[in-house]
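In what follows, a structure is listed as structure tokens, so that the remarks can point back to it.
Naming: A, B, ... by sequence-line order, numbering from 1 per chain.
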Amino acid sequence: MRLLGGYVRRYFLQWLAWRSFALTLVANQAVTPLVGLAVWSTVLPERRLSDYFIALLFVRLLTSSYENHTFSEWVYQGGFCDDLLLPHPPVLVTLGENIAIRIWHIIIGLPIVAAVVLFAPPSLRWQDVALALPAVVLAAAIRFLFTYALALSAFWIERAHSVVGLGSTLIFLLGGEAAPIALLPDAVRPWAEALPFRAMLGFPAEIAAGELNGAAVGMGYLWQVIWLAVMVVAAQAVWRAGIRRYTVVGG
Amino acid sequence: MHSVMVDGLQMAYLVPVKAEGLRAAFRSLWHRAYKRVEAVRSVSFSVAPGEVVGFIGPNGAGKTTTLKILSGVLHPTAGRVEVVGHTPWERRPAYLRQIAMIRGSRPLAAPVELTVQDALRFQQLIYEVPEAQFRRTLGLLVEMLHLEPLLQRQIRALSLGEKMRAGLAWSLVYQPRVLFLDEPTLGLDVTAAQLMRRFVGTYSRETGATVLLTSHYMADVESLCRRILLIDKGHMTYDGDLAGLSARMAPFKLLKVAGGDPGLDWSRFGDVVEQEGGRVSLRVRREAVPAVTARLLAEVASIADLTVTEPPLESVIDQVYREGV
């Protein structure tokens, strides 16, 4: 943990120098929840979806992952060779940068959230928000592992960005961002509830907005734990295959 | 007792190839063709603790690939390697804490936004160096590498020579037992290169660290390494001292002649190594030197000066690269 803390501090300092870039990333992250807020509040004013989209904005800022920009680029630039010489698992480097970027997201994104709250005051209950916090942490972990596993495709192909982009599109469509899961067609909704994309984004926002009853919250947490375990196994398997290829082919 | 042991090392890659043209490009979507590239074919050697060894060879000989295998970055196709009792490609933390790989092409692999001091502190954290040891080692490194003015500066603002000095401190602050130096003086000016050589020599003597050095600059090899390993096309072709290599090329000496007719056919006297203006350097077999010298003085009336020298190391190595040992 001390080492991870060191990497978080190191990358926090590094991203201080890249604050303009961080600002554009946060702006990109904020656009779709805000568009969703505007569109769905107009289409279904009686559903009070503003709570959901404000929570979604916050969850998105806390769970965004950019391993295609960090890890994959590092592989392409040849710097990953240096990470292999470190006396600890190289994933710590990537995870440290991920957490540092998320801290910057919160710092830069808070004024945006505050402005939205002023514009459309939410009626969130603190009990729901507290209940959602563990789900946000789990969502952040699942999203990191998912993006990391996709970014590992840099070991095989030169366009890992497109692979991670496909993953982001699936999260947008089936994670509760294009539309809240409850509003999806009946044929799609059960799938969306079970697939990992909701666990990465929409589920914590649904809890915070008070849209789920006790049983639904329990089921959602169960899916999160299952998907976390699946992502750990998947990321490890892809890492092992990728590192075998990298060290045999020469990177 | 050895610090580095390499036995029958081989490394081959499969690289994709395709014929030119659109049709070949489409065909390669279904039938990918590969070519096997043998980067290292047969390399065996061992290095004793504290030894400083030059690992030299022409471009593409397999030097960097071998160093990457020894540092654990690459997994070889075949062969056995042991470095300070570890198999490098298992990349165990206990092993990685004992080695350092320093590349002239990237002398300091720390984030450029950090100051030198921050980067060194970060190394302390990663390699779990106790505070007292860190302060002691840093004090020595700062003194030997004249780092004091650099400590508060951002890495991005350092010149190449300063980066190499800071990079040496960064790589050695945890006192590794084995150093792999891959062309460490690449791009450095004469002063910075000399400082680097002096420092590496002193560091090895004082800490007993083993050093394996690749370089295309013979000054590095000459000043640091008593022993050299020569590799060519993936094969070890020589393992011994520099004098031994010169001795193997000993049939030759250099006759440097000033003066003589401009149109004279110098190849009658020996191999013309260099000819510029009124000066010519001839490579002549050692036993033929007295006779050739006599012939030159007898047959070329306008000779102003004539000296006999051992061939410089650069030309010996050049000859070895072109013709083999």
Side-chain angles (χ1 to χ4, degrees), chain A residues 1-22 69-71 73-97 100-101 104 155-158 239-251, chain B residues 11-16 34 37 39-40 64-65 67-77 88-103 105-106 108-115 118-119 121-129 154-156 167 170-171 174 176 180 182:
Chain A
M1 285 306 281
R2 199 161 154 259
L3 205 49
L4 181 61
Y7 275 110
V8 172
R9 273 197 303 280
R10 164 181 151 178
Y11 281 112
F12 185 82
L13 285 175
Q14 191 165 320
W15 276 80
L16 181 65
W18 298 345
R19 51 196 176 275
S20 305
F21 182 42
H69 287 301
T70 58
F71 176 83
E73 277 302 315
W74 199 227
V75 171
Y76 295 145
Q77 289 170 15
F80 179 68
C81 202
D82 298 320
D83 287 1
L84 284 180
L85 297 172
L86 294 169
H88 59 66
V91 69
L92 276 184
V93 184
T94 316
L95 181 58
E97 186 163 16
I101 295 174
W104 273 111
F155 286 136
W156 289 272
I157 60 172
E158 291 174 17
W239 163 263
R240 273 198 291 271
I243 205 68
R244 198 178 310 125
R245 179 186 161 83
Y246 185 86
T247 57
V248 168
V249 174
Chain B
M11 182 73 191
Y13 308 104
L14 284 180
V15 293
Y34 293 90
V37 176
V40 178
T64 301
T65 303
L67 280 200
K68 282 185 172 179
I69 292 169
L70 295 185
S71 62
V73 171
L74 292 183
H75 193 301
T77 313
W89 50 90
E90 290 174 354
R91 286 196 305 283
R92 298 191 187 282
Y95 171 65
L96 295 169
R97 283 199 181 90
Q98 297 185 65
I99 64 154
M101 173 92 159
I102 301 171
R103 292 181 286 169
S105 58
R106 188 174 153 79
L108 181 51
V112 295
E113 288 75 19
L114 298 185
T115 63
D118 284 338
R121 278 286 175 193
F122 196 65
Q123 284 291 81
Q124 180 195 7
L125 177 72
I126 291 175
Y127 287 89
E128 297 171 355
V129 184
Q154 264 194 326
I155 290 166
R156 71 158 74 246
W170 193 72
S171 301
Y174 56 94
F180 300 113
D182 190 10

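Ranked by non-hydrogen atom pairs under 4.5 Å with chain B, the options A:L3, A:L13, A:L85 are led by A:L85.
Across all their heavy atoms, A:G96 and A:Y11 have their closest contact at C-CD1, 4.1 Å.
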Show the numbers, then the answer: is there a salt bridge (charged side-chain N to carboxylate O under 4.0 Å, His left out) between A:D82 and B:R103? CA-CA 10 Å; A:D82 298 320; B:R103 292 181 286 169; 2.7 Å; yes
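With a 4.5 Å cut-off on non-hydrogen atoms, B:R106 touches chain A through its side chain but not through its backbone. At a 4.5 Å heavy-atom cutoff, the contact between A:Y7 and chain B is made by backbone and side-chain atoms alike. Heavy-atom distances place both the backbone and the side chain of B:I126 under 4.5 Å from chain A.
A centroid separation of less than 6.0 Å is found between the aromatic rings of A:F21 and A:W15.
Ring geometry, A:Y246 versus A:F80: the interplanar angle exceeds 60°, so the pair is classed perpendicular (tilted spans 30 to 60°).
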